[in-house]
Protein chains: 2
Amino acid sequence: MTKINDETLRTFVGYHLKRSFNVIQSDLIETLRPFDLRMLTYSALVLIVDNPGLNQSRLSQIMDIERPNLVVIIDELEERELITRERVPTDRRSYALHPTEAGHALYRETLDAVTQHEAKLLSGIAPEQLEQMIATLKLIESAKKGQA
Amino acid sequence: MTKINDETLRTFVGYHLKRSFNVIQSDLIETLRPFDLRMLTYSALVLIVDNPGLNQSRLSQIMDIERPNLVVIIDELEERELITRERVPTDRRSYALHPTEAGHALYRETLDAVTQHEAKLLSGIAPEQLEQMIATLKLIESAKKGQA
DNA sequence: TAATATTGTTATGCATAATAACATAAATCA
DNA sequence: TGATTTATGTTATTATGCATAACAATATTA
């Protein structure tokens, strides 16, 4: 059981980001499993509840995924009757996405679960420390190519 | 161009982690492309150079991936003659992984490139701020289920 | 009106990641 | 010792995430 040296990779911020995100992600996946939601379907549901009426194009932009990939996500949410696709009269190309009552209900349930998942996982870390980290993460996020 | 509200998701640390990692990841992918390396093949190469003689089992553990997924990565590095697989006399089940001279050379080249990629991307952020963030990320990483 | 752009969609491919099942070899134990 | 269990590497398979090309329908613009 010799120790492995990953000091070289540890010099990279991205390596730390990936490893810590993996920890949160795997716990989140387990948290969402009972609701039969994946991370992307969950994110989409939350954004549709919080922004009723938005279309798929805008949603794919905020979710940072390509439009084709969003189609299957929306298909799944619609099949499960968590959201509806409604033709927009003023622009008949696009669909307005709205949550159903079931969608709202699932939103509330999962919000509780996910909030508790993070609270439990991050319980050993001071809130101010997390806030500081989030501030730094926002800086990185805004360093997107083309913006920098 | 109405603004989308993602305040609910912004309450989650994991959301910030994912978004900022995506920024670094997409730039890293472009950085590695000229060397015909993906993130995983790159990580494996670095770890083999820094830990010559380790076997696939240990490598998959440190890389946090399943052994079957490592096989194809090692296959690729071996085919490109960046590493070698050598039978271990004392344990004939396992292979000792060693970098070739070409592996060493590519390691040095890519280390420079990746270092510059991060330096450029994170140039607007104070080093102390990044160090603080890394400290917090390490705390999250150690919050792994079973350890907590 | 003609050319261009946008929205949603299908098809496709690559990369990442997980599991089951297996052969070989080592370790354990009884 | 021999029988059982464990570890290592492998193949096959599947699910998921993410990107691009090509397209029909509709809007926009020049």
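Every chain is numbered from 1, with letters handed out A, B, ... down the list of sequences.
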Value in whole Å for how far the P atom of D:dT16 lies from CD of A:E30:
13 Å
Whole angstrom is fine here: how far is it from CD1 in B:I65 over to P in C:dT19?
14 Å
Between B:R87 (side chain only) and B:R92 (backbone N and O only), is there a donor and an acceptor less than 3.5 Å apart?
yes
Nearest-Å distance for atom pair CG/C1', residues A:N22 and C:dA17:
10 Å
Side chain B:N69 and base C:dA18 donor-acceptor under 3.5 Å
yes
For A:I73 and D:dG17, give me the distance from atom CD1 to atom P, rounded to whole Å.
7 Å
Between A:R85 and C:dT9, is there a side-chain N or O to OP1/OP2 distance below 4.0 Å?
yes
hydrophobic_cluster_shared for A:L77 and B:I4, side chain cutoff 4.5 Å
yes
May I have the distance from B:E66 (atom CD) to D:dA12 (atom P), rounded to whole angstrom?
19 Å
Looking at B:Q56, I'd like to know whether one of its side-chain N or O atoms comes within less than 4.0 Å of OP1 or OP2 on D:dT10.
yes
Under 4.0 Å between a Lys/Arg side-chain N and an Asp/Glu carboxylate O for B:E30 and B:K120?
no
With the side chain defined as heavy atoms from C-beta on, A:Y95 is closest, among C:dA17, C:dA26, C:dT9, to C:dT9
Can you measure from CD (B:E78) to OG1 (B:T100) and round to the nearest 0.5 angstrom?
10.5 Å
With respect to the phosphate group of C:dA25, does any side-chain polar atom (N or O) of B:R92 fall under 4.0 Å of OP1 or OP2?
yes
Ignoring the backbone of A:P68, work out which of D:dA12, C:dT9, C:dG8 is nearest its side chain.
C:dT9
More than 12 heavy atoms from other groups under 6.0 Å of CD on A:E86:
yes
Closest nucleotide of DNA chain C for B:M63 versus for A:R93: which of these residues is on the 5' side?
A:R93
Whole angstrom value for the distance that separates P of D:dT14 from CZ of A:R38
18 Å
Would you say A:S94 reaches C:dT7's phosphate, i.e. side-chain N/O to OP1/OP2 under 4.0 Å?
no
Atom CG of A:L40 and atom P of D:dG17 are separated, to the nearest Å, by 5 Å
Please state whether the phosphate of C:dT7, meaning OP1 or OP2, lies under 4.0 angstrom from any side-chain nitrogen or oxygen of A:S57.
yes
Is any side-chain N or O of B:R67 under 3.5 Å from a base N or O of D:dT8, one able to act as donor and the other as acceptor?
no
Could you state the CG-P distance from A:D91 to C:dA5, rounded to the nearest angstrom?
17 Å
